[in-house]
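Below is one structure, written out as structure tokens, with a few remarks after it.
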Amino acid sequence: MARNLVIVESPAKAKTIEGYLGKDFVVKSSFGHVRDLAKKGLAIDIENNFSPQYEVTPDKKQVVSELKKLVKEAETVWLATDEDREGEAISWHLYEALNLDKKETRRITFNEITKPAILKAIERPRDINKELVDAQQARRVLDRLVGFELSPVLWKKVKPSLSAGRVQSVAVRLIVEREKEIQQFESGSFYRIQGIFKSTKGDFTAEYDAQPTDVNNAKSVLEACGKSAFNVADLQTKPAQRKPAAPFTTSTLQQEASLKLGFSVTRTMSVAQRLYEAGKITYMRTDSVNLSQTAIGSANKEIVRVFGENYANPTTYKTKSAGAQEAHEAIRPTDFSVHHISSERDEEKLYELIWKRTMASQMAHAKLERTTITVAGEHLEKHFKAKGEVVKFDGFLKLYMESNVDGNEEDEKESASDKLLPAVQVGELLSYKTVKATQRFSRPPSRFVEASLVKKLEELGIGRPSTYAPTISTIQKRGYVEKLEREGALREYAVLELKNGSISQDSATETTGKEKNKLSPTDIGTIVTEFLSEHFSGIMDYHFTAKVEQEFDEIAKGLREWTDMIHTFYQPFHQNVENTLEHSERATGERELGVHPDSGKKIIARMGRFGPMIQIGDEQTDGEKPLFASLRKEQSISNISLEQALDLFKLPRMLGEIDEQAVKVNNGRFGPYVQVGKLFVSIPKGEDLMAITLERATELYRAKLEEEANKLIKSFPEREDIQVLNGRWGAYIKAGKNNYKIPKTQEASELTLEDCLELIEKQSSAPQKGKRKPAKRA
DNA sequence: CAGTGAGCGAGCTTCCGCTTGACTT
């Protein structure tokens, strides 16, 4: 029988630690928090000094009862939860829930899972730090008060089932404000002038030191170039260094996995979880860039072994982000000699990323040589400059290059300057091959992707490693934010070229604004943000979390009572909730678009009971029933034009008949479509549905019919509802509205009606087993 | 692949942060 019971938070950790301790120790896990504020109601007794009502979380009942049993058998209980505010609270809740005896309980902490660290911790036990626990209670109670008082305000003033909170509401605000900046952005254009120059040692490209905004000015520069002789006015070569990035934290791992592997933050976390459980990496929810001495040692041994002595540079990193609690190490491989693992593709790729990043962090700086050639032309006001970069010693670059999550791909392309320049001499005469002036455009700020939103939240100290991914899911689930794909638009730009003494002018086109997986606010997200910002500016302040964190720190230091802090916050906050409930208008996001050209009635866009809509007229003012129309896919209250709004009332457009079937043009849930009888044909992107003629509709209809005919492999005259069709992933059976798979062993074209019925029978009776996919959104 | 846009009222929704499996769709 074990005399010592050690309780940690994570089961994988428990297994590792049990290996380090003798047979006198049994190590179990609490699976995180075991108690929380009661799920129903506020569970905070406001009248009674904010006394919290805790209960064992339903899914932890079993964990608690098992731990209770083990406690009875043990002489000493070691509470070894994480060394941070939440970890301290978990220990205290365990102490309470398990009815522990103070004399037989020890609190220990360690922030790396190594044998020496744990043995050392066992030698230095302490008591539960009640002040730190109180800081957590303040955090928990504040979040409940904010969430459970604000959300009901939204139910009354905006829409049922909405939610608000210290973290999520600010996350949505970031996206809403960014969208506003983009809408208000006015793009300007300028000319980038680049010359290709000939030297005795070879050609190189150099850029003119000014970017004229006017095409005539750009032209005069080219004209001056045409009349000029050129020479190398200056040549500078400077040594430079590049440093590796720090080891991964949760947030930087999410960013790099998003950029380099295209993973969503949820996918990154679940892959990392599997690597952690398999013992391949350390804990994946951390805000620390710190590596244990053992890890630094073995990383450097591996670097020396593989790359040689001069590539090693043991480095300790300091955490920069605000509010970091550093209960764990950085995310790193557990064994540096394992360069690759054999597993699922995702796991292999993420492991390799983690291995490279950690190794690189312990490698030598890269040594570079930056060269600038300055080219002077006799009739020019400014110089041309060519910048080149040569890697003299690659160092960590051998393994890893960090990406930039905020960056706009186009920017990166344009700023690339790792080219090699020819070895020219100062004073050397040059001639131009061509000089080009290309029209460029200033760009609006880019929309957030999941990973860049996480980065921003972390910078503001909002949210924790364990909540970044869930927060992003929540704001999408609530319908505040959606991931959109934008097609982009064609844009024309001017190109002037000087060649052989003459200047030509041409125009070219490029696609701009093409986007994928970018987060955009929905109408409801915008309305809720505006409502909350108007009435609860304190909580919507980007620095609100940082401010209350300071107060939590004071509580943790014993300088302040937690109930006192909550009281000070709650008084005005609650008053504000009451006032808002009583005095504020319903928020509908109403926006006046103008007046109807014929009737002179007011036209507004607003949120209705069933979603965003357009209303013409108002019963109150003009005594007649108003007209209504719902907004369609990809339209929103904030940016719909009067013209588009009026078009909605012209829908559906009846175009006439094809083969005696009515032809309708409309904009539906999946976008604009033509409907002929029962058949829907979507209108290709870029075509204006208001401009579709009967002829065009007929064309689209015929094409669709042909496509449908090509899909058909087989049909049965006796059962018209059953067809064998060719789909994107191969043949399948369509029966009524349902589709059924055809096993690979069967040839689709040879199926009889009986075969089909049998397959249908089999697949509809037996529940689908085998592949268990992670649950998708309902 | 729409149009709906009234009102009554029961009973429900909701927060953040710590951890993993379990539903049989």
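As the structure is a computational prediction, the values presented were derived from the model and not from experiment. A, B, ... follow the sequence lines: proteins, then strands. Residue 1 opens every chain.
For the pair R35(A) and W92(A), the cation sits on the ring face: its NZ or CZ lies under 6.0 Å from the ring centre, inside 45° of the axis.
Counting only residues at least two apart or on different chains, no salt bridge (Lys or Arg N to Asp or Glu O under 4.0 Å) pair has a member in residues 151-165 of chain A. Identified under the salt bridge (Lys or Arg N to Asp or Glu O under 4.0 Å) test for residues 671-690 of chain A, with sequence neighbours left out: E687(A)-R696(A).
The side chain of R166(A) contributes an N or O atom lying less than 4.0 Å from OP1 or OP2 of dG17(B). Contact between the side-chain N/O atoms of R609(A) and the OP1/OP2 oxygens of dT4(B) is not found at any separation under 4.0 Å. Between S151(A) and dC15(B) there is no side-chain polar atom (N or O) within less than 4.0 angstrom of OP1 or OP2. For dC15(B), the OP1/OP2 oxygens have a side-chain nitrogen or oxygen of S163(A) closer than 4.0 Å. Distances shown here put every side-chain N or O of R35(A) at or beyond 4.0 Å from the OP1 or OP2 atom of dG17(B).
Within 4.0 Å of Q168(A), counting heavy atoms only, lie sugar-phosphate atoms of the nucleic acid but no base atom. As judged by a 4.0 angstrom heavy-atom cut-off over every strand, S10(A) is placed among residues touching the sugar-phosphate backbone only. G463(A) comes within 4.0 angstrom of sugar-phosphate atoms only, judged by non-hydrogen atoms across all strands, and of no base. Heavy atoms of R139(A) sit under 4.0 angstrom from at least one base atom. Here R606(A) lies out of heavy-atom contact (under 4.0 Å) with every strand. Among the heavy atoms of the strands, none lies under 4.0 Å from A89(A). At the heavy-atom level, Q136(A) lies nowhere under 4.0 Å from the strands shown. P652(A) comes within 4.0 angstrom of sugar-phosphate atoms only, judged by non-hydrogen atoms across all strands, and of no base. The residue G32(A) sits close to a base: some heavy atom pair falls under 4.0 Å. Contacts of R464(A) with the nucleic acid, taken as non-hydrogen atoms under 4.0 Å apart, involve only primed sugar atoms and P, OP1 or OP2. Using a 4.0 Å heavy-atom cutoff across all strands shown, V146(A) reaches no nucleic acid atom at all. Within the 4.0 angstrom heavy-atom criterion, only backbone atoms of the sugar-phosphate kind lie near Y276(A); the bases stay farther away. P626(A) comes within contact range of no nucleotide atom at all, as no heavy-atom separation falls under 4.0 Å.
Atom CD of E585(A) has 12 or fewer neighbouring heavy atoms from other residues, nucleotides or ligands inside a 6.0 Å radius.
dC18(B) has no stacking from F31(A) on its base ring, since the centres under 5.5 angstrom apart and planes within 30 degrees of parallel are not both found. Here F610(A) packs flat against the base of dT4(B); its ring centre is closer than 5.5 angstrom to the base's six-membered ring, tilted by less than 30 degrees. Residue ring and nucleobase are not stacked for F628(A) and dT4(B) under a centre distance beneath 5.5 angstrom and an angle between planes beneath 30°. Using a 5.5 Å limit on the distance between ring centres and a 30° limit on the angle between planes, the aromatic ring of W155(A) does not count as stacked on the six-membered base ring of dT14(B).
In terms of polar N and O atoms assigned as donor or acceptor, the side chain of R140(A) comes within less than 3.5 Å of the base of dC15(B) in a complementary pairing.
Candidate nucleotides dA2(B), dT20(B), dC15(B) were compared by shortest atom distance to the side chain of M284(A), and dT20(B) ranks first.
Annotation: of the two residues near DNA chain B, Y283(A) and S630(A), the 5′-most nearest-nucleotide partner is S630(A). Between S29(A) and P152(A), the residue whose closest nucleotide on DNA chain B is further toward the 5' end is P152(A).
A donor-acceptor pair under 3.5 Å is absent between the side-chain atoms of S533(A) and the main chain of E530(A), judged by distance alone.
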TODO: May I have the step-by-step check of side-chain hydrogen bond (donor to acceptor under 3.5 Å, both in side chains) for E458(A) and S251(A), ending in yes or no?
DONE: CA-CA 7 Å; E458(A) 190 190 35; S251(A) 126; 2.7 Å; yes
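Stem analysis of DNA chain B (Watson-Crick or G-U pairs, both distances under 3.5 Å, runs of at least three) returns none.
For the side chain to side chain contact (heavy atoms under 4.5 Å, CB included) with L174(A), the lone residue among T529(A), L453(A), I462(A), V481(A) that qualifies is L453(A).
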